[in-house]
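Proteins get letters first, then strands, A, B, ... in listed order; numbering begins at 1 in each. Computed from a predicted structure; not experimentally measured.
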Protein chains: 2
Amino acid sequence: MKAAPRKTADLSAQIAQAIRDAIVSGELIVDARLPSEAELSDQFQVSRPTVREALKRLAAQSLIRTQRGASGGAFVNRLSFEDAYSQQVTTSTLLLSMNAVSFDTACEARYALERACAPLSAQRRTADQLATMRAEIFRQSQPGLTDEAFCASDVTFHRALVDGAENPVLSYQLAGAVEAMQPLMNMITFTARSREEIITLHTRIADALEAQDAETVDSALIDLEHYTRQLAQDVVESKRKPA
Amino acid sequence: MKAAPRKTADLSAQIAQAIRDAIVSGELIVDARLPSEAELSDQFQVSRPTVREALKRLAAQSLIRTQRGASGGAFVNRLSFEDAYSQQVTTSTLLLSMNAVSFDTACEARYALERACAPLSAQRRTADQLATMRAEIFRQSQPGLTDEAFCASDVTFHRALVDGAENPVLSYQLAGAVEAMQPLMNMITFTARSREEIITLHTRIADALEAQDAETVDSALIDLEHYTRQLAQDVVESKRKPA
DNA sequence: AGTTTTTATTTGTCTGACATTTAAAAGTCT
DNA sequence: AGACTTTTAAATGTCAGACAAATAAAAACT
């Protein structure tokens with residue numbers, strides 16, 4: 001019978017895992033309809049609230065969707081890149097904020113990954129993506145822009161760079177790395193001078209991408225990484241020695 | 001407090017979002033205790049089962065943990081890298097299997113990201129990580145190894161390479177890209193000849209990492225990517241023209 | 001003081017019910 | 001027959017109340 005269950009987890013967690021396994025293994029395919037809550041209660045020998053808790057767990061991961069009414073029920077959801085993006089961003093953001101990840105570590109990861117996209121972006125970037133980048137550079141040059149808006153624009157710029165690789169898997173993986181940095185970047189106060197420097201580098205990147213010059217993009221990204229880390233360093237030091 | 005009902009979503013989803021926002025915004029910090037289910041029912045003016053469904057949604061994302069008994073309750077969870085890994089892997093795997101992502105696209109993303117780690121790994125890899133890689137290479141050379149076991153060993157090898165960068169953020173981001181490839185790799189039948197080729201390249205990578213020779217690691221990874229894509233290509237063609 | 005017992009609190013689960021949504025079946029009129 | 005309306009059945013969403021089980025703190029008892 002029950003051969004020593006390692007950890008007596010909640011029933012709802014067990015059931016959720018069983019269904020999750022069925023989905024991952026392909027036993028339940030996309031758009032397949034799960035048995036009704038009443039049927040699942042029977043199958044798993046638990047009450048309907050317990051089944052519902054299990055289903056909500058899966059819904060939270062976008063693995064299923066539910067529909068009311070006759071011929072309604074729970075259906076295996078096609079996990080979209082969009083859904084995965086937002087989960088990835090939420091998870092990455094919390095991961096950084098909760099684990100005291102240093103600015104340098106996060107920054108290193110982000111730029112390493114971004115540089116991985118650069119050669120592909122140089123090859124494939126569309127006119128649309130270039131236009132987005134130019135628009136963001138322009139926005140960044142507007143005086144009176146708050147630091148937060150500047151950071152948000154920075155994220156949009158870099159996402160356009162990443163999307164330029166025209167590889168949805170890369171875009172998905174990078175979404176977390178790029179967006180999760182934003183809260184960390186928001187700690188920095190950008191002077192007019194430092195904004196100017198960043199805009200110069202952004203322009204260099206956009207120009208190089210337009211010219212399909214992968215090497216210049218790479219070197220500009222390296223410079224940008226160093227400059228960003230320097231800025232963060234200055235913030236730390238100015239806090240230690242408040243002028 | 002009272003979140004305006006944006007769109008007619010489930011109450012449990014609304015409540016989950018409200019709490020999630022409180023966590024992400026820092027209003028609820030790590031290890032903070034949420035109000036009891038009864039209190040939440042009062043605050044949100046819903047029944048306890050509905051509150052519970054909301055909490056299970058959050059538990060599914062590892063945002064909270066629950067404890068029974070007096071002075072128990074739901075606590076904000078410190079999202080660990082480990083938790084995030086496994087979620088990342090599950091999501092990435094499903095994303096690839098459900099969206100008809102081509103082998104080439106996934107492969108390109110994976111090797112682009114892995115190459116981003118290579119220079120850092122060459123600098124920082126520990127003796128332990130090198131040993132892991134050597135051990136996996138040895139395992140891969142064992143005759144009688146199933147294709148699945150070969151792939152699993154391949155994943156372990158590459159994860160050691162990624163971990164060599166000694167950057168937890170990178171390891172986390174890469175976990176999805178590397179592991180999610182495994183089901184796709186499993187479609188390939190590895191001949192003795194192709195295994196030999198892969199092992200040669202793995203050895204080249206391990207040697208170069210030991211010698212801290214980033215450039216050779218990079219070129220070996222490029223070769224490995226090309227070879228892997230060639231193998232996949234052959235599988236496709238042999239299916240079109242069954243011998 | 002140290003140990004045991006009690007108690008209160010909180011989550012986990014169950015039963016049963018009603019509300020709401022929705023598609024299909026049944027009915028009605030032209 | 002065909003188009004429209006009404007009814008019905010099935011399913012999820014929500015609620016109320018209850019009991020079980022775990023657990024820590026308080027109380028009682030050596």
Checklist entry - Using a cut-off of less than 4.0 Å, is there contact between a side-chain N or O of B/Ser71 and OP1 or OP2 of D/dA24? => result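 Answer is no, no contact under 4.0 Å.
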
Using atom [atom1] of [X] as one end and atom [atom2] of [N] as the other, report the distance to the nearest whole Å.
X	N	atom1	atom2	value
B/Arg33	C/dT11	CZ	P	6 Å
B/Glu53	C/dT11	CD	P	16 Å
B/Leu34	C/dT9	CG	P	19 Å
A/Leu11	D/dA20	CG	P	16 Å
B/Arg48	C/dT13	CZ	C1'	9 Å
A/Phe75	D/dT12	CZ	C1'	11 Å
A/Arg68	D/dG13	CZ	C1'	5 Å
B/Glu37	C/dT11	CD	C1'	5 Å

Checklist entry - Under 3.5 Å, is there an N or O donor on one side and an acceptor on the other linking the side chain of B/Arg52 and the base of C/dT13? => result no

Checklist entry - Closest nucleotide of DNA chain C for A/Gln45 versus for B/Gly73: which of these residues is on the 5' side? => result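 Going by which nucleotide is closer to the 5' end, it is B/Gly73.
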
Among the nucleotides [options], which one has an atom lying closest to any side-chain atom of [X]?
X	options	answer
B/Thr50	C/dC14, D/dT14, D/dA11	D/dT14
A/Lys56	C/dT15, D/dG13, C/dT13	D/dG13
A/Ala70	C/dT13, C/dT22, D/dT14	C/dT22

Item to check | Close residues, residues 57-67 of chain A, relative to DNA chain D [heavy-atom separation under 4.0 Å] | outcome: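 Those residues are A/Thr66, A/Gln67.
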
Item to check | Non-neighbouring partners of B/Phe190 that pass ring-ring contact (aromatic ring centres under 6.0 Å, His included), sequence neighbours left out | outcome: B/Phe150

Polar contact flag, side-chain donor to acceptor under 3.5 angstrom, [X]-[Y]:
X	Y	value
B/Asp163	B/Ser171	yes
B/Gln173	A/Gln88	yes
A/Gln61	A/Gln87	no

Item to check | Between CG on residue B/Leu184 and OG1 on residue B/Thr105, distance to nearest 0.5 Å | outcome: 10.5 Å

Checklist outcome for this item: Taken to the nearest 0.5 Å, the spacing of B/Arg124 CZ from B/Cys117 SG works out to 10.5 Å

Taking distance alone, no hydrogens or angles, what donor-acceptor pairs closer than 3.5 Å link side-chain atoms of residues 46-54 of chain B to residues at least two apart or in another chain?
unit_1: B/Ser47; atom_1: OG; unit_2: B/Thr50; atom_2: OG1; d: 3.2
unit_1: B/Arg48; atom_1: NH1; unit_2: B/Glu37; atom_2: OE1; d: 2.3
unit_1: B/Arg52; atom_1: NE; unit_2: A/Glu53; atom_2: OE2; d: 2.8
unit_1: B/Arg52; atom_1: NH1; unit_2: B/Glu37; atom_2: OE1; d: 3.4
unit_1: B/Arg52; atom_1: NH1; unit_2: B/Glu37; atom_2: OE2; d: 2.8
unit_1: B/Arg52; atom_1: NH2; unit_2: A/Glu53; atom_2: OE1; d: 3.3
unit_1: B/Arg52; atom_1: NH2; unit_2: A/Glu53; atom_2: OE2; d: 3.3
unit_1: B/Glu53; atom_1: OE1; unit_2: A/Arg52; atom_2: NH2; d: 3.3
unit_1: B/Glu53; atom_1: OE2; unit_2: A/Arg52; atom_2: NE; d: 2.7
unit_1: B/Glu53; atom_1: OE2; unit_2: A/Arg52; atom_2: NH2; d: 3.3

